[in-house]
Amino acid sequence: MIRKKYNSKFNFKKNTEQKKEAPNLKIDFVGVVDKEKNLGQSLTYGKIQFPKNKNFKKGWHIVDPAQIINKAIKDDATLLHIGKAPLRGIKKFLSDWYFKGIGEVLADKIVEEAKMTTLTLIRGNTSNLKERFQLNDEQTKTLHNGWQKNKDTAYYEILINELGFTNTQKQRLKDNYGILLIKVLATNPISLLGAIPLLSFSDIERICERLNFEISDEQKAIAVTKHVVNKKEISDGHTCYPLEGIVPEVLKLSELEKDFIIKTIKQPSSGFKFLEKNSKEIIQSDDSNLRDKKIVQEINRIIKTFSRGKNKKTFIKSELKVQKNVDLSDEQIDAVNAAINNPVSIITGGPGAGKTTMVKALVSAITKLKLKLKLTAPTGKAATRIAAEGLMQYKPSTIHSYLGPFEEKSEEKFDIMIVDESSMIDIELMKSLLVSIPDKASIVFIGDADQLPPVGPGQVFKDFIKSQKITVAKLTGNYRQDSMSGIAKSAREIVKGKIPTLTDELNEDVIFKNLPIGKQADEIITLYFETLPSLGIKQEDIQILTPQREGEVGIYNLNRLIQQKLTARGNPLFTNKLKSKNNDFEMSFFSGDKVIMRKNKVKELGLVNGDIGRVLRKSGSTVFIEFNEKEIEFSVKDTFDLQLAYAITIHLSQGSDYKGVIITCSSEHRYMLRRNLIYTALTRAKDKAVFVGEKSSFSEGVEKIPVLRYTNLIDIIKEDLKDD
């Protein structure tokens, strides 16, 4: 095996001439020296003049240095008043990875002693720096070199650190706002709510308090409503929501009058749209509405520029041979022709419906037409599975890898894209994907609409189908029903709300171990270490799936129990702190542990949320972990995004399949057990699925219909999508 650090240049094909310029992040700190004389002290230019017509406050201000001419701030420049010196921001900046080896304690000592002159000392003479703070040579060199490498963005980093933004939020601020952030913070910091991920109203209140920015009742009503609407999207996937479910939460958080809130948020400039669905008034943010419209706009562009529309080709069975002794069905042929001849098409079907064979036939058709093909999927596991079906030559990739860092528009050229496991694609990723499709090309979405909706917001695949405006080919596999596996047959019953007849006979494809709480975890451990391996399924091919993190058969406890028997020897290579309902605890990691990536880190590591790997070893502060047969180097900071993966949540298993699956159905998790959750878990199994829990909980879950996810995309499609 070749050991190498992940290098994005091997994965992202970009046109460098069209690459986005780095955002302008140069700002300056200016302190008031003499208010009466309009005199200030700039960290960049020294003594400067404030505008004479500005009624500025004492303390520190932030300004765009381009607005300083001849040591005077221009009259029309935007001044952001921050008052007291941003010492917290400086401390965090110096203890960040830019200055490896400095740490929080030393950074705190330096800043407490030198205050704002810290910045002058660091960028100055190294001998003065060393003597002032009694540093060793390595520390002095680290501070000096770190400053030189980051001097153009240092003040920007200090500002956003001072305001308490997270790393993800900081990156979004840099990419989307750059230097414009000064004006936004000076005039309307509340507008960041909804525009920056996971920014809550309490965060906005804290930022406004730090900037001495007073929030009016109108601003408060709009900001809190944005926060509640945004929370519904992030937590539950709704891209719009009934107003009657939003207002009570806004009332509680804002402590404003109900009539005042409704009147305020219904003003045209409030940033919301209102519509009616099923006799309910629905609220949608302008940003969400524009995102829906952007998706339809891109579909219209793909339809308009589609190059094969006038030269349709209809294939017949004899022209498409996929493998020996396999005859294509009429519905598979129809699906191939739909995909070949339409700019945007959908092929959907459940387990045993024949999707895999159809994809091979579709690739055969594409090859005969001499078209260039691109294969993608939402997860690395799904992309690997496509490759395993004899399609490795087409280099299937994750959508994130195809899109590249920061979801820049891909410059990769192709005639047709096939996207597998499309039900997993959330609305943000779908928007980025559609934007990337070249003019004249087409796109085919393949998936199972009965599975769980995406982890992220929306349910685009399902909405596309329900709109009845996009070509859909449905595979049923009814022609081969007698030869279907027990897994496929049980899944078909579950999706209809029927309870399949399941026993504990080990020779069956689907088994149910009916046990009370207190005995379930022990049975799962036995199945994992003894029962399934005795049936020829290796441990590395077994995945435990559970609805929840907590409890006897939650992922935390099951991972701990398996690790204790399998890898826990000596000192762990690294540990992570995790939060549970009852208390915080440490999760330890040993060599050989199975782990799952819990964040998208395409640019840094080439990995996305849900990728599964194996811990190898540690060298110094670097941990080596194998993902998809590649060794990837993890810093201590990167390891915080890993969790043990002997047991994972059912949501995270989407897009994957395993020879053997153990599924928990415990009354501990009763409120989460629903039809589509159980269906998704079962359909992850290729050879054997074992349910462990109470049959009453299983039956109750199958009978529960999926939770309704509110979206407005169907209506936008019906209104704005042009006919092919």
Side-chain angles (χ1 to χ4, degrees), residues 5 22 25-33 40-48 59-63 65 82-167 169-171 173-174 210 571 573-577 604 618-623 633-641:
K5 190 168 182 178
L25 303 178
K26 288 184 180 180
I27 64 173
D28 194 10
F29 288 97
V30 182
V32 176
V33 175
Q41 179 75 25
S42 158
L43 292 187
T44 304
Y45 298 105
K47 292 284 194 315
I48 62 170
W60 287 92
H61 295 74
I62 293 170
V63 67
I82 61 168
K84 63 184 181 181
L87 301 185
R88 185 179 71 164
I90 301 173
K91 290 175 185 177
K92 189 158 191 326
F93 178 61
L94 295 185
S95 61
D96 210 338
W97 63 273
Y98 308 111
F99 304 93
K100 289 183 179 178
I102 298 301
E104 293 181 10
V105 175
L106 182 55
D108 190 72
K109 175 192 169 187
I110 291 170
V111 177
E112 283 301 314
E113 183 179 331
K115 309 300 182 188
M116 283 298 280
T117 58
T118 300
L119 302 174
T120 306
L121 288 163
I122 288 175
R123 69 186 193 210
N125 188 289
T126 54
S127 60
N128 291 339
L129 181 64
K130 181 178 180 180
E131 290 173 13
R132 175 67 185 272
F133 301 114
Q134 298 180 332
L135 305 174
N136 61 38
D137 290 340
E138 188 63 32
Q139 290 168 334
T140 305
K141 183 180 176 182
T142 295
L143 285 170
H144 181 74
N145 291 347
W147 178 267
Q148 291 302 316
K149 288 179 182 178
N150 300 284
K151 59 185 178 181
D152 288 341
T153 61
Y155 296 157
Y156 197 97
E157 288 282 349
I158 289 167
L159 169 63
I160 55 183
N161 280 335
E162 179 70 16
L163 297 178
F165 292 105
T166 66
N167 289 332
Q169 292 166 349
K170 288 192 288 188
Q171 192 59 59
L173 288 167
K174 293 172 190 176
R210 177 63 184 86
N571 295 323
L573 300 187
F574 59 97
T575 59
N576 282 345
K577 288 184 179 178
E604 303 94 330
K618 186 177 182 181
S619 177
S621 61
T622 302
V623 179
E633 297 177 18
F634 273 66
S635 67
V636 173
K637 184 179 176 183
D638 290 329
T639 62
F640 295 157
D641 300 321

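This one's a predicted model, so the numbers in the text were calculated from it and none came from an experiment. Counting from 1, the numbers follow the sequence of the chain as shown.
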Worksheet item: Looking at A154 and W147, what are the two nearest heavy atoms and their distance?
Response: CB-CZ3, 3.5 Å
Discussion item. I'd like to know if the side chain of S619 and the backbone of T622 have a donor-acceptor N/O pair within less than 3.5 Å.
Written reply: no
Practice prompt. Mind running side chain to side chain contact (heavy atoms under 4.5 Å, CB included) on L143 and L94 for me, showing each step along the way?
Written response: CA-CA 8 Å; L143 285 170; L94 295 185; 4.1 Å; yes
Worksheet item: Got more than 12 heavy atoms from elsewhere within 6.0 Å of CD, Q148?
Response: yes
Worksheet item: Parallel, tilted or perpendicular for Y98 and F93, by the 30°/60° rule?
Response: tilted
Worksheet item: Can D96 and K637 be said to form a side chain to side chain contact (heavy atoms under 4.5 Å, CB included), step by step?
Response: CA-CA 10 Å; D96 210 338; K637 184 179 176 183; 4.2 Å; yes
Worksheet, complete the sentence: Output for pair (Y155 OH, I90 CD1), nearest 0.5 Å, gives 9.0 Å
Fill in: Pairwise distance OH(Y45) to CG(D28) - rounded to 0.5 angstrom
7.0 Å
Worksheet item: Is it true that the side chains of N161 and K91 contain a donor and an acceptor less than 3.5 Å apart?
Response: no
Worksheet, complete the sentence: Distance col, row I27:CD1 vs T44:OG1, nearest 0.5 angstrom, shows 9.5 Å
Discussion item. If you compare all heavy atoms of I122 against all heavy atoms of H144, which two are closest, and at what distance to 0.1 Å?
Written reply: O-ND1, 4.0 Å
Fill in: Contact check, side chains of L43 and M116, non-hydrogen atoms, under 4.5 Å
yes
Practice prompt. Write down the atom of R210, the atom of K84, and the distance for their closest heavy-atom approach.
Written response: NH2-O, 2.9 Å
Fill in: Chi angles and distances behind the side chain to side chain contact (heavy atoms under 4.5 Å, CB included) call for K141, N145
CA-CA 6 Å; K141 183 180 176 182; N145 291 347; 3.3 Å; yes
Worksheet entry | Shortest non-hydrogen contact from V111 toward T118 | CA-OG1, 3.7 Å
Worksheet item: From K130 NZ over to Q139 CD, what is the distance, rounded to the nearest 0.5 angstrom?
Response: 10.0 Å
Response to the item:
Closest heavy-atom pair, F133 versus A114, reported as atoms and distance to 0.1 Å, is CZ-CB, 3.6 Å
Discussion item. Within this structure, what is the CG-CG distance for the pair L173 and L163, rounded to the nearest 0.5 Å?
Written reply: 9.0 Å
Practice prompt. Take L121 and E113 through the test side chain to side chain contact (heavy atoms under 4.5 Å, CB included) and record every step on the way to the result.
Written response: CA-CA 12 Å; L121 288 163; E113 183 179 331; over 6 Å; no
Worksheet item: Can you tell if the side chain of L573 reaches within under 4.5 Å of the side chain of T639, non-hydrogen atoms only?
Response: no
Worksheet item: With a 4.5 Å heavy-atom cut-off, do V30 and S42 have their side chains touching?
Response: yes
Worksheet item: More than 12 heavy atoms of other residues, nucleotides or ligands under 6.0 Å from CD of E104: is that the case?
Response: no
Worksheet item: Atom NZ of K26 and atom OG1 of T153: how far apart are they, to the nearest 0.5 Å?
Response: 10.0 Å
Worksheet item: How close do K618 and V623 get, heavy atom to heavy atom, and via which atoms?
Response: CG-CG2, 4.1 Å
Discussion item. Is it the case that over 12 heavy atoms from other parts of the model lie below 6.0 angstrom from the CG atom of N125?
Written reply: yes
Worksheet item: Any chance the side chains of D638 and S635 put a donor and an acceptor closer than 3.5 Å?
Response: yes
Worksheet item: Is E157 salt-bridged to K174, going by a charged N under 4.0 Å from an acidic O?
Response: yes
